[in-house]
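Here the structure is laid out as structure tokens; the discussion comes afterwards.
Letters A, B, ... are given to chains in the order of the sequence lines, protein chains preceding strands, and every chain is numbered from 1. If you're wondering where the values come from, they're calculated on a predicted model, not measured in any experiment.
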There are 2 protein chains.
Amino acid sequence: MASFGKFIKAEREKKGWSQTEFGAKIKINTPAVSRIENDRKMLSISKIELLATLFELNYNTIKDLYFADKFAKEAYEYKCSEKVFSVAESQTNYLREINAKQGKIKF
Amino acid sequence: MASFGKFIKAEREKKGWSQTEFGAKIKINTPAVSRIENDRKMLSISKIELLATLFELNYNTIKDLYFADKFAKEAYEYKCSEKVFSVAESQTNYLREINAKQGKIKF
DNA sequence: GTAACTTTGCTAAAATTGGGTAAAATGAAA
DNA sequence: TTTCATTTTACCCAATTTTAGCAAAGTTAC
């Protein structure tokens, strides 16, 4: 995946929709679609579920792609090292773990 | 690293500073330090360089830790799968690659 | 040239962010 | 128990960021 925007463009074209047609389905106008597809702006997270439905793809997969894109761009912008994601991953695992424990304790 | 906030607290305590003393050094007040250390708010990215200097640690390492924390929290909040970071990593690598190529072409 | 499609410049409202103050809460020592 | 140092919380705010809108310009294909 080059970017989330490029992914959206490819899926839209697979469906044979113009930017305007696609935009009408997700309730944004053509210029906004253009900016999203060209990575000038991000689509709102609130529309990801509708997007998955329109493209007939798994919601969680799309959501992952969305955040992966977001993180990648930020990591690139701030010149993070390649280690940043492994650190992030272990921390996310830790967060899941302690919150699972706390959930159990409360129960 | 449990979180960036906990990392800051540990380093501060190693130096024997109170939150108030530490806050004076980075020009934020005690309640703000408390929030940052307890992961209620993020420290501004603009202060990361000063932070590295105060803790006598490598700037790029601190910056990585900062973003790793940010990504981890977001990935956790939105229940991303464990794959999100590997996707992000390959995209970041791709971004570096195409921008290196473009740099060369322009040159 | 024309029509369909896409992009850009400028704007705006809403949301987010990182911090402040005042006061409450906590912890340790006497 | 009291006191004092330290930390946390409630409430607030200015600045910034964000996604989108409109109008118009630009591009592409026929």
Side-chain angles (χ1 to χ4, degrees), chain A residues 2-52 54 62-63 65-78 102, chain B residues 2-52 54-55 62-63 65-78 80 102:
Chain A
S3 70
F4 195 67
K6 291 305 163 211
F7 165 77
I8 287 179
K9 184 179 169 77
E11 291 297 315
R12 171 178 65 82
E13 285 172 347
K14 272 193 218 171
K15 296 283 188 182
W17 298 325
S18 68
Q19 290 186 337
T20 304
E21 286 171 311
F22 173 65
K25 291 173 198 295
I26 61 171
K27 300 184 169 27
I28 60 173
N29 70 7
T30 311
V33 173
S34 173
R35 284 192 202 94
I36 289 158
E37 288 186 353
N38 289 294
D39 296 298
R40 301 281 194 277
K41 292 273 188 292
M42 296 287 286
L43 179 67
S44 161
I45 183 70
S46 67
K47 295 187 193 287
I48 294 295
E49 196 165 351
L50 175 54
L51 191 72
L54 283 176
I62 301 286
K63 184 175 64 169
L65 293 183
Y66 177 88
F67 282 105
D69 184 73
K70 191 172 192 295
F71 298 157
K73 283 169 179 163
E74 208 166 349
Y76 178 72
E77 182 187 345
Y78 285 96
Q102 282 169 15
Chain B
S3 71
F4 195 67
K6 291 305 161 210
F7 164 77
I8 289 180
K9 183 179 169 77
E11 292 298 314
R12 171 179 61 84
E13 286 172 345
K14 273 192 217 171
K15 297 283 188 182
W17 298 325
S18 69
Q19 291 185 338
T20 304
E21 286 170 314
F22 172 67
K25 292 175 198 294
I26 60 171
K27 297 183 174 24
I28 62 173
N29 68 9
T30 311
V33 173
S34 173
R35 281 189 210 102
I36 289 157
E37 289 187 352
N38 289 294
D39 297 297
R40 300 283 195 275
K41 291 265 191 297
M42 294 287 287
L43 177 67
S44 161
I45 184 69
S46 68
K47 293 190 198 282
I48 294 296
E49 194 163 353
L50 176 54
L51 191 71
L54 283 175
F55 290 157
I62 301 284
K63 186 176 63 169
L65 293 183
Y66 177 88
F67 282 104
D69 183 73
K70 192 172 189 297
F71 298 156
K73 280 170 182 163
E74 209 167 349
Y76 179 72
E77 185 189 340
Y78 285 96
C80 296
Q102 282 170 15

Would you say R12(B) reaches dT7(D)'s phosphate, i.e. side-chain N/O to OP1/OP2 under 4.0 Å? yes

Spacing of K70(A) atom NZ relative to dT17(D) atom P, expressed in whole Å: 14 Å

Per the under-4.0 Å heavy-atom filter, residues of residues 36-50 of chain B near DNA chain D come out as N38(B), R40(B)

Is any NZ, NE, NH1 or NH2 atom of the basic residue among E21(B) and K15(B) found under 4.0 Å from an Asp or Glu carboxylate oxygen of the other? no

Whole angstroms only, please: what is the CD1-C1' distance between I28(B) and dT7(D)? 14 Å

In terms of side-chain geometry, is the basic nitrogen of K9(A) or E13(A) positioned less than 4.0 Å from the acidic oxygen of its partner? yes

Can you tell me if the side-chain N/O atoms of S34(B) get under 4.0 Å from OP1 or OP2 in dT7(D)? no

Quick test of your reading of the model: are K73(A) and D39(A) salt-bridged, counting only N-O distances below 4.0 Å? yes

Distance from K27(B) atom NZ to S44(B) atom OG, nearest 0.5 Å? 13.5 Å

For R35(B) and for E21(B), find the nucleotide of DNA chain D with the closest heavy atom, then tell me which residue's nucleotide is more 5'. E21(B)

Could you tell me the boundaries of the chain A footprint on DNA chain C, defined by atoms under 4.0 Å from its heavy atoms? dT6(C) to dC10(C)

Between E49(B) and K63(B), does any side-chain N to carboxylate O distance fall below 4.0 Å? no

Using the rule given for side chain to side chain contact (heavy atoms under 4.5 Å, CB included), can you reason through F22(B) versus T30(B), listing the C-alpha separation, both sets of side-chain angles and the distance that settles it, and then say yes or no? CA-CA 8 Å; F22(B) 172 67; T30(B) 311; over 6 Å; no

Test side chain to side chain contact (heavy atoms under 4.5 Å, CB included) on F67(B) and I62(B); report intermediate values, then the result. CA-CA 9 Å; F67(B) 282 104; I62(B) 301 284; over 6 Å; no

Nearest-angstrom distance from the residue atom CD of Q19(A) to P of dG26(D): 18 Å

Determine: side-chain N/O of N29(A) to OP1/OP2 of dG21(D), distance under 4.0 Å, yes or no. yes

Is S18(A) touching bases, backbone alone, or none of the nucleic acid, heavy atoms closer than 4.0 Å? sugar-phosphate

Does the plane of the ring in F55(B) sit parallel, tilted or perpendicular to the ring in W17(B)? Use 30° and 60° as the thresholds. parallel

Distance check, rounded to the nearest 0.5 Å: L43(B) atom CG versus R35(B) atom CZ? 13.0 Å

For K9(A), which contact category applies under a 4.0 Å heavy-atom criterion: base, sugar-phosphate, or nothing? nothing

